[in-house]
Structure formats: C-alpha cells, structure tokens
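Working notes, structure below.
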Amino acid sequence: MFFSREDFIREDDLKVKVGFFHFSSCSGCQVSFLDMFEDAVEILDTVELVYSNMLTKRETVPRMHVAFAEGALCIEDRRHLSLARELAEKANIIVTVGACASFGGVRRLSVGSQPPQPSHQSFLPLTEVEILKGKVKYAIPGCPPNPSLLYNFMLALLEVNEDFLQPFEFMASSRDASGYDVVKEVINKGLCVGCGTCVTACPARALDFNYTYGKPTFNPLFCVHCGSCLASCPQSFKPYPQPVY
Amino acid sequence: MLKLDRSFLLGKVKAIYRVVSKGESPLQLILKKMMEQEIIDGVISARKEGGRIVPKLFKAPSEIELSPLNTFFGVNTLLKKAIQKYHLSRIAVVAPSCVMDGLNKTQYYGIGCNWVKTAVALKVGILCTGALTQESLNCEVLDLLGEREEVERCYYTKEGLAYGLSSGRELLVNVEVHHHYVSSACKYCLNLSARGSDITYIPEKEENVGIFIIRSERGGRTLGLLQKEYPSLLKFSSLKMSDISHVEELLKKKMILNIDSILERVEVGLPGSKWDGNRFRKFYRVWNAIGDFNIEEVF
Ligand code: SF4
Ligand code: SF4
Ligand code: SF4
Ligand code: SF4
C-alpha cells in the first residue's frame, strides 16, 4: 500500500500528498498534469500537491506518498543525481510520467539532438536508474500523456484499482518503446484488427494507415518513443471493462 | 464452462427491429436524421472512395454514406481529428466490434486521445464475420465463383453471408472459405455480434432493409425517437429472437472455426503480445473448465 495512516503528518490530515518533479524534459508532461488538475478539481479534496516547480513555492523536497516525475535523468547533471537520491528516500512510490521518464522518449536513440547544455550529453529513463528501481511502480506512456489518462490514473491510484493499474506496472519494467512495438507485438503476431487506434494515439505521426493492407505502417524517423501506440492498441493488454448492457 | 449459446453469440438484447426505409440503407438514413435533429454532431465510419473503402468523418448529414462492404479498417484513426481538431462532442461511431474495442479502451484508460469518454454519443456495431482487404475479397470471390467479379455489397440472408456482385448476381459465401480469407486477427475474434455497442446493425439483401438489435437504453431511446418523428420514412417492425435464428446459426458456425484457431494457437504456443496477461491461454483454460465464467472477464 503506498499510503498508510502513519504517513500522515497530522491526525486530521488525510490527504494523499503528491509531488511533481522535473528531470530533463520539455515540461509538457507537467503541463498535462496541471491541466488534469484544472479539469478535475474534485481530486483536490483528497489530494494535496506538495511539490511542483511550477505551482508550489517549496524549495526542499518534502516526504510524500506519490512522486510523479517527468523527464530523463541527465548523467552529467549533479542536481538530477541528488533529486534521484531524495526521491528514493522521500517518496513512497514513484510514477514516471511520459516517455522521457518511462522509456527514454525523445532522449533515447535520438543521436545528434541538441542537448540543453554542452555538458549535458547522456540521458537515462528513470525506470533504469538503480536507486529508483524499487520505487518506480508505474510508468505512464505518452508524449505527453493526455490529461484524461492522468486523471483516470489518479482516480485508479486513489481507489487502488489494481485492474486499471496493472498494465502501467508492466510498462515500468518495459525497456524502450517505439512504433516497432505494434509491428512486432501485434501485426507480426497476427493480432492486428486494423482498427487504427494506434495511429490516432501517435503524437508524432510516425504511424500511418495503409488502407490496401488494412494495417498501420511505421516511419521510425518520426518516432519519439512514447509507447502510446502499443498501450492504446486493443490487442496489447486485455481485459478492460466492456460495456455490458 | 463457456458455451456457444445465445448470450455468448448475440449478447444482451433489449429489442430487435427490422427497419425498412425510403430509398437508402436504414442505418444511413437514421444517422442523417439524428444529425439533422442534433442528437449527434458527427459520424465516424468508413465509405467507398475512388474504388476503395476508407475511414471517414462525416460532419454534415448530406455527407453520410456508409461502407457497403464489411470493411472498416482504420476507423479509429479519426478519433483525434473529430475530438481534438473539430471539438465534436456527440459522435456516433459505426464499425464492427474490434473498432469499438479500441474505442472502449481509449475511453476507459484515456490513452491515445483526450476525453473520448464523454465525446461518443452512440456506438453502432456492425455484425461481422471477418474483415477482408480488397485483395483477399477478390481472391475469395475467385475461389468461390471460379471467375473474377466485383463485390458491391455485403449482407446477410437466411442462408448466411452473401455478396451482391456487380453483375446483379448474388454469391453465397461458404463460412469455411471465408475463414481462410479474413484477416488473421479475425480468426481469433470472439465478438462477432458487437456485444457492448448500443445497437448492432445487420444489413439485409434489399439495400433499404436492415435489422437493428437494440442493446442499451440509449440505443432504444434514439430509435424510438426517430420512429416517432419519421413514420413515413422509416417503418419499424418488431422481431422475435426466433426471427434472427439464421444469424445465430451463422455466428455459431464461424465461432466454432474461430475457437478452433485459438485453441490451435495455444497448443502450438504462438505468442500473444506483451502485457496481454496471456489471454489466449486464459481462454483455453476457461473453455475447458467447468464452472461459470463471465466472458467479459476473459476478453
Ligand atoms: S515525454 Fe514528451 S512531453 Fe513529456 S517531457 Fe518528454 S518530451 Fe516533453
Ligand atoms: S510510433 Fe508514435 S505512438 Fe508509437 S512510440 Fe513512436 S511516437 Fe509513440
Ligand atoms: S491499434 Fe488497431 S490498428 Fe493499431 S496495431 Fe493495434 S489492432 Fe492494429
Ligand atoms: S471478425 Fe472481429 S476482429 Fe475481425 S473485423 Fe470483425 S469484429 Fe473485427
């Protein structure tokens, strides 16, 4: 259980404490996360945002139940190494938000892309950093993930809806993500129904649809390694509640 | 044990109607009228364009023209366009169950496209015994007929699945031959009747006749409203389960072939996709177990 009564600072304070942390990223995931809060104010009755470099003034990292983290860890950035240490110590669980933190995203396999500073050269997804390994429980795909996905995820986390959360637990132990996932895991295995959900999910237009063959096609040059295509594919993980009238 | 009974094959049924419309397919006319009445603000489906079937987003009633074949590839590619670009919020989706599956998943998790949960007003599932690419369809016709001919329409008769050919002839499709030519994934499909949609549509031989299986309140209310508003354009007659026993029979024949393909897949040890919790194995176990299972928990 990621939160227990002993964690609460005051007896009457039952809110789940969450923080949002920023590694090497474009901040798109944090914007999506804050958008989610805007759309879902009712969550604020149960959740308290204790840290966000955009919304809170706090400078030190407090103890919290759930740390949401975006971005890849830059090996040369000492602040990233110390933030990783602090999160490992102060968060009960970590949820990596978006491609950079979960699978490497644009930072992975993007040889030649311009680093934020000349000294910033090497990046790793948080899911691969040893000190965080026991803590990173869920990985959320997307670049950035939709606010509606973050909202549903947050509700599932608060309700401890294991069925909903399980795929995200699998994703936390997945290495890499790309459009080749749907090719390899779905199309090549004879499971593609040609619904086109992966194409709509792709934020980079790396997936297109071939009407002659009734299957998606993949252009690796555009892929930002976000994992949305396989995650959205109805053939990748099942079951999920179907409407039964 | 799972049984190949009516509830497995056809799912929950609230009412069944045969609808005869003036001129065009009753489903097409109903969607046009729904859009005119502003019950829906868009339709995502597929239509014939330049000799091939492509997914299409219809934003005006006059544009609506549904695919005459059982081909709805790529329909969900239009979700983001409809919801995030055009901000449509009462969309009707018309497609077979696998497309609905992608839609349901997107609605449940929110992956793929933002706020799909609240943007879909009606799900019309198309009864489906398998999808074919144009090339497979040509080969199937050649195999069954011994000569090439274009298929203009796909529909269901008392004898089973049939194609209306360009010469005006009708070709009855043998289910086993059909099983050979459909897309690979269709050989493992367990939801041919589009359980879980608001309405399942079954086209009949005459272009202006079709059967509607009503499954949800929403589906029933919508059709009820149109029946009242347009009595001269849409003639509804109520059907009993026994009236669609030919559909149940056809689905049973195809489902036996599909189950056989799944069991073979498991026996040979062909892998499923990662993260899928080994659903084919799970099906294999449930299929061979004694006890009551909810099929929705398996798939
Ligand atoms: S996953 Fe995409 S949106 Fe999120 S931080 Fe990385 S680049 Fe930005
Ligand atoms: S193909 Fe598109 S959806 Fe898939 S991982 Fe690449 S960018 Fe993401
Ligand atoms: S989402 Fe649909 S089209 Fe894309 S790989 Fe999966 S089944 Fe095929
Ligand atoms: S048989 Fe199933 S998987 Fe194939 S097109 Fe029809 S509904 Fe989709």
### Query
Do you know which of A/Ala156, A/Ser174, A/Gly142 has the most heavy-atom pairs under 4.5 Å to chain B?
A/Ser174
### Query
Between A/Gly214, A/Gly190, A/Cys192, A/Ser236, which residue shows the highest count of heavy-atom pairs closer than 4.5 Å to chain B?
A/Ser236
### Query
Do you know which of B/Gly74, B/Gly102, B/Gly11, B/Pro271 has the most heavy-atom pairs with chain A at a distance under 4.5 angstrom?
B/Gly74
### Query
By a 4.5 Å heavy-atom criterion (distance strictly below it), what part of A/Cys202 contacts chain B: side chain, backbone, both, or neither?
backbone
### Query
Between B/Arg52 and B/Glu135, does at least one N-O distance fall below 4.0 Å, as a salt bridge requires?
no
### Side-chain heavy-atom pair B/Phe8, B/Leu190 within 4.5 angstrom cut-off
yes
### Message
Counting heavy-atom pairs under 4.5 Å with chain B, which one of A/Cys226, A/Cys195, A/Ala201, A/Pro234 comes out on top?
### Response
A/Cys195
### Summary
Counting heavy-atom pairs under 4.5 angstrom with chain B, the leader among A/Val199, A/Asn152, A/Val186, A/Ile140 is A/Asn152
#### Entry: Aromatic plane relationship, A/Phe68 with A/Phe20 - under 30° parallel, 30 to 60° tilted, over 60° perpendicular
parallel
#### Entry: Lys/Arg-Asp/Glu bridge criterion (N-O < 4.0 Å) met for B/Arg265, B/Glu267
no
### Summary
Counting heavy-atom pairs under 4.5 Å with chain B, the top scorer among A/Lys189, A/Gln166, A/Met171, A/Gln235 is A/Lys189
### Task
Among A/Phe209, A/Tyr211, A/Phe164, single out the residue with the greatest number of heavy-atom pairs under 4.5 Å to chain B.
A/Phe164
#### Entry: Aromatic plane relationship, A/Tyr180 with A/Phe218 - under 30° parallel, 30 to 60° tilted, over 60° perpendicular
perpendicular
### Task
Please state whether the side chain, the backbone, both or neither of A/Asp35 comes within less than 4.5 Å of a heavy atom of chain B.
neither
### Task
Test the B/Lys117-A/Tyr151 pair against the cation-pi criterion, namely NZ or CZ under 6.0 angstrom from the six-membered ring centroid and within 45° of the ring axis.
no
